[in-house]
Amino acid sequence: MKKRLETLLHTALSTLTSTGALPGDLAVSFQVEHTRDAKHGDFATNLAMVAGKAARMNPRQLAEQVIAALPADGAVTKIEIAGPGFINFFIDPQSQFDVIRRVHDLGAAFGMSGVGAGKTVQVEFVSANPTGPLHVGHGRGAAYGQVVAKLLKAVGFEVQREYYVNDAGRQMDILAASVWLRYLEECGEHIHFPYNGYRGDYVRSIAGDLLRRYGQRYRRPGAEVMAGLPADEPQGGDKEIHIDAIVDRAKLLLGEIDYQTVFQAGLENILGDIREDLAEFGVHYEQWFSERSLSDSGAVVKALEKLDALGWLYRKDGATWFASTRLGDEKDRVVVRDNGQMTYFASDIAYHLNKLERGFDRIINIWGADHHGYIPRVKASIQALGADASRLEVLLVQFAVLYRGEEKVQMSTRSGEFVTLRQLRNEVGRDACRFFYVMRKSDQHMDFDLQLATSRSNENPVYYVQYAHARVCSVLRQLDEKGWERNVPFGMDHLHRLVESHEHTLVAGLVRYPEVIERAALQHEPHLLVHYLRELAQEFHVYYNAHQFLVEDAPLRDARLNLITAVKQVLHNGLHLLDVSAPETM
RNA sequence: GCGCUUGUAGCUCAGCCGGAUAGAGCAUCGGCCUUCUAAGCCGAGGGUCGCAGGUUCGAGCCCUGCCAAGCGCGCCA
């Protein structure tokens, strides 16, 4: 209907320009929107006010001319000029009822569209370092990324979800060393566990597995391990220097092969846990992309060579730099350190080059908001490689500040004091978790109150929507118990019996659903869907309290049942996009 | 110090890329279950949209300054 009105208005505009009433070069972008207040009709447009300025005409006068030039449409019952020059359209409610048939016909497909058809998009999200279990911060990115991917799919994009596994680099070495030290402790060696090591219980558990599987094969004398190491932080030293020395010592004493075994044990164990955790959370990927595969295949070197050939690299202070300032970055960035090691950024350049070469029309990275300073250099690298940087879109997810009631929960991966995603899921349940995470705009700070999220009371908004769905199901069960037959086509023939304002409101709500999906998808804003579902559920609850559905009058009864089953279907479709269940009973 | 983001009801947040009287949930107060599930509904109170200017028919939204908060400013990842 919205699009129909837009077309009508465009026709009116071109009529007016062809008759010379309006200047021909008039370029206006007007909007047709749903009104907030029923007094203003069903739809309103700001056309006359927008065009009035350009045409140097009084908006209300222009509005009159537009209305006069407007082609007739049976569904429009009344047109009014209001306020400073709004044109308000009143729509015949009966003409909207077709949506009930469409919902029944399309079922789960209602709300999908083809705006993204033929385009491919990759969504990379979570991509947490496999150095420990996912915590509640990762959960928000996981829920957000999953829903963004599903929304894009719903509007026709071909979507590929990807997790970038940082299975190389210093942090992974520190994990390997931490596992080994815990293993040595299990063996009975006396060692000093580094301040900067990974202290979580999961590290001990991996060490225990290692011991059970391989016995004492990797045992080395504790004294030998600790001999001559630079002091750790609590002893007045530097924790970073200390931990690096431990890593070197581990590599030395274990040798390449054994070190790799310990390293792999840590990586596989944690990555396996992450995969399982995400799967249980309803988050799935088409691809797990290994960072190490990039360096192993020489892709990183190749990417740097390409940049060099294009004149973007230079050498200074023994390091190799990328001249990103020439493309808007704050400062140039090192890609190869003076010790010959590639930086993380070098891998990232190769990774994004790889993504571009895979041919996606659009690439979406979902990052924690603390990485926002990283965007200019990645975009610069894409541009430097001759690609269009606008193909990459970086969506930021603000880390949730965790509270337990009034008290702020401090988190640190290394200290092991963090609330894991798994703990949260177990406490709150998957539905509430997923709903809660995407309820708020993702790039906004969010206070995540664990007490609230874990409450099974009506404070938890997910129940409100689910309850509306369950209520429809319950009505259908009551129908059976009364031994009444339901005739869907018969009900469709009597939709004109739906004359209550509650019914018209609900129908208008159904009409909006596809628009909401499209907007939520294209703007990557799942919270719009959440808000919509709450509104639709509310309109249903209001209707439920105001009118009886299971009435003696069969035509009216079947018409109402068709309406509420359409509502049920839309609630189901929306919840499904959020990966929240739509229960039949509660 | 510089950059990015944010500031809306007691709390948590929306506000459809400049529109009509700024909304919702929770919390508070008062009503509604012999009738399809009360995890629901109806009603009430609650606001200087951080502050001050500016742009125009019109600003919570755009511009400038100030105040406050978060994040980022490594040859870390």
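Per chain, numbering begins at 1; letters A, B, ... match sequence-line order.
At least one donor-acceptor pair closer than 3.5 Å links the side chain of A:H504 to the backbone N or O of A:L498. One N or O on the side chain of A:D238 and one on the backbone of A:E240 form a donor-acceptor pair closer than 3.5 Å. A donor-acceptor pair is defined here as one N or O able to donate and one able to accept, closer than 3.5 Å; no such pair exists between the side chain of A:T131 and the backbone of A:M172.
In this structure, of B:C75, B:G19, B:A77, it is B:G19 that holds the atom nearest to the side chain of A:M49. Residue A:P84 places its side chain closer to B:C57 than to any other of B:C36, B:C57, B:A14. When each of B:C41, B:A14, B:A77 is scored by its nearest atom to the side-chain atoms of A:H531, the top-ranked nucleotide is B:A14. Minimum atom distance to the side chain of A:R471 is reached by B:A38, of the listed B:C75, B:C71, B:A38. Side-chain proximity of A:H527 to the nucleotides B:A24, B:G15, B:A77 is greatest for B:G15. The side chain of A:Y463 sits closest to B:A39 out of B:A77, B:A20, B:A39. Distances from the side chain of A:Q548 to the nucleotides B:U12, B:U35, B:C75 place B:U35 closest. The side chain of A:Q31 lies closest to B:C17 when the candidates are B:C17, B:G74, B:G15. For A:S474, taking side-chain heavy atoms from C-beta onward, the closest of the listed nucleotides B:G15, B:A20, B:C36 is B:C36. The side chain of A:N545 lies closest to B:C41 when the candidates are B:C41, B:C13, B:C36.
With C1' as the reference atom, B:G7 and B:C51 are 11 Å apart, rounded to whole Å. B:A9 and B:U48 are spaced 8 Å apart, taking the P atom of each and rounding to whole Å. For the P atoms, the distance linking B:A38 with B:G19 amounts to 40 Å, nearest Å. Comparing the C1' positions of B:G23 and B:G60 gives a spacing of 12 Å, expressed to the nearest Å.
A:D553 and A:R497 are joined by a salt bridge, as a carboxylate oxygen and a charged side-chain nitrogen come within less than 4.0 angstrom of each other. Between A:K251 and A:D173 a salt bridge is recorded (basic side-chain N to carboxylate O distance below 4.0 Å). Between A:R512 and A:E535 there is a salt bridge, with a side-chain nitrogen of the basic residue lying less than 4.0 Å from a carboxylate oxygen of the acidic one. Residues A:R534 and A:E539 are not paired through a salt bridge, judged by the lack of any N-O separation under 4.0 Å between the basic side chain and the carboxylate. For the pair A:R170 and A:D244, the salt-bridge criterion is met [side-chain N within less than 4.0 Å of a carboxylate O].
B:A20 has its base stacked against the ring of A:H40, the centroids being under 5.5 angstrom apart at an interplanar angle below 30°. Residue A:Y544 and nucleotide B:G40 are not classified as a stacked aromatic pair, given the requirement of ring centres less than 5.5 Å apart at an interplanar angle below 30°.
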Measure all distances between protein nitrogen or oxygen atoms and nitrogen or oxygen atoms of nucleotides 1-6 of chain B, and list the pairs falling under 3.5 Å.
from: B:G3; atom 1: N2; to: A:H372; atom 2: NE2; distance (Å): 2.8

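The nearest whole Å value for the distance from the CZ atom in A:F43 to the C1' atom in B:A20 is 17 Å. The NE2 atom of A:H371 sits 14 Å away from the C1' atom of B:C73 (whole-angstrom rounding). Nucleotide B:C73 holds its P atom 8 Å from the CZ atom of A:R377, rounded to whole Å. One atom, OH of A:Y374, and another, C1' of B:C71, lie 17 Å apart when rounded to the nearest Å. Residue A:R440 contributes atom CZ, which lies 5 Å from atom C1' of B:U12 at whole-angstrom precision. The separation between A:R534 atom CZ and B:G25 atom P is 7 Å, rounded to whole Å. Taking atom CZ on A:R557 and atom P on B:U35, their separation rounds to 20 Å, with Å as the unit.
In this structure, B:U35 forms no base pair with any nucleotide, since neither Watson-Crick nor G-U wobble geometry is met with both distances under 3.5 Å. Across the strands present, B:G1 finds its partner in B:C73; the criterion is a Watson-Crick or G-U wobble pair with both atom distances under 3.5 angstrom.
A cation-pi arrangement is present between A:R326 and A:W312 under the rule of less than 6.0 angstrom and at most 45 degrees off the ring axis. Under a cutoff of 6.0 Å and an axis angle of 45°, A:R557 and A:W484 form a cation-pi pair.
Remark: the A:N88 side chain and the B:A20 base include a donor-acceptor N/O pair separated by less than 3.5 Å.
Nearest heavy atoms, A:G574 versus A:Y513: N-OH, 3.4 Å.
Contact annotation: A:K316 side-chain N/O to B:C75 OP1/OP2 distance is not under 4.0 Å. Residue A:R337 places at least one side-chain N or O under 4.0 Å from the OP1 or OP2 atom of B:C76.
Taking every heavy atom of residues 535-543 of chain A and every atom of RNA chain B, pairs under 4.0 Å involve A:Q538, A:H541, A:V542, by number.
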